[in-house]
Amino acid sequence: MRSKSARLDRFLSEAAGIRRRDVRRVLAQGRVALNGFPAFDIQQRVGEFCQVSLDGELLQNKQPRYLMLHKPKGVVSATIDHQHTTVVDLLDEKDRHDMHIAGRLDLHSSGLLLLTNDGRFSRYLTLPEQKIAKVYKVEVEHPITDAYAPAFAEGMYFGYEDITTLPAKLVILSETVAEVTLVEGRYHQIKRMFGRFRNPVLALHRLSIGNILLDESLMPGDYRPLTQAELSGFYQHLNALPGQ
Ligand code: URA
């Protein structure tokens, strides 16, 4: 999902019907404010979440939203589905159809799922160079042997995509339960990695994404907004981007 930003002259012509050739005059008269400050430059970029007003009337005032949801098993990570309840159906929010998922979980997986209306946030979480760690608790059918951790760390070749998975960490918690840390999100990645050992995954639960831990007080199906502290890594990334 791309973030939407437009030059101020284009924004004003689309949002307020001001002809492009009249925009300079309207700006020179100090009639336009961007995030509360008078705007004079037609080249200024107007991001999706900039507040813009003309003669004191708001033209745009959309708030960025970031939610963590405890995804239950059997709910699909999609915005629309004709067969199953979707994670968006679980949100009791007016703007829920503006929200998209930042990193899906399979139908039968559970745990931490992030939803947002901010394309910059979901892109940040999925940028390969960010190598954001996602931690899962995995229960499998057969005992996990000492051969697993080195194979996960080395990476596995997936012929269908023609890629080798990035080093993943596996820590054995009990005979059939492990904690797995991935820094990418390939299709059914954990199931396919255990599949190499012919060991079916019985339960898969995401515990964290980067510094964001699933809030243990959230019951399956519950959600809450992310805190400023949970968003700090993203804010640092935004500040490092040109033009922010
Ligand atoms: N790997 C999987 O196989 N499924 C998930 O839902 C997440 C990671």
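Ligands are counted one by one from 1 in listed order, and the atoms in each one are counted from 1 as well. Remember, predicted model here, so these are calculated numbers, not experimental data.
- In this structure, Arg192 is not positioned above the aromatic face of Tyr187 in the sense of NZ or CZ being under 6.0 Å from the six-membered ring centre and within 45° of the axis.
- Using a 4.5 Å cut-off on side-chain heavy atoms (C-beta onward), Thr86 and His84 make no contact.
- Closest protein heavy atom to atom 7 (C) of ligand 1: Tyr136 CE2, 3.7 Å.
- Taking the centre of each ring, Tyr66 and Phe234 come in below the 6.0 Å mark.
- Residue contacts with ligand 1 for Leu182 are absent, since no atom lies close enough (heavy atoms, distance under 4.0 Å).
- Atoms of ligand 1 found under 4.0 Å from any heavy atom of Ser109, numbered from 1 in the order shown, are 4 (N), 5 (C), 6 (O).
- A side-chain hydrogen bond (donor to acceptor under 3.5 Å, both in side chains) with His237 is found for one member of Arg123, Arg120, Gln130 and no other, namely Gln130.
- Here the protein heavy atom with the shortest distance to atom 1 (N) of ligand 1 is Ile190 N, 3.1 Å.
- In terms of protein heavy-atom proximity, atom 4 (N) of ligand 1 is closest to Asp106 OD2, 2.7 Å.
- There is a side-chain donor-acceptor pair under 3.5 Å between His188 and Asp106.
- For ligand 1, none of its N or O atoms has an N or O atom of Leu204 under 3.5 Å away.
- Interface of Gln189 with ligand 1, defined as ligand atoms under 4.0 Å from a residue heavy atom, comprises 1 (N), 2 (C), 3 (O).
- When each atom of ligand 1 is checked for a heavy atom of Leu105 under 4.0 Å away, the hits are 6 (O).
- A continuous path of ILVMFWY side-chain contacts below 4.5 Å connects Met193 to Leu170, so both sit in one hydrophobic cluster.
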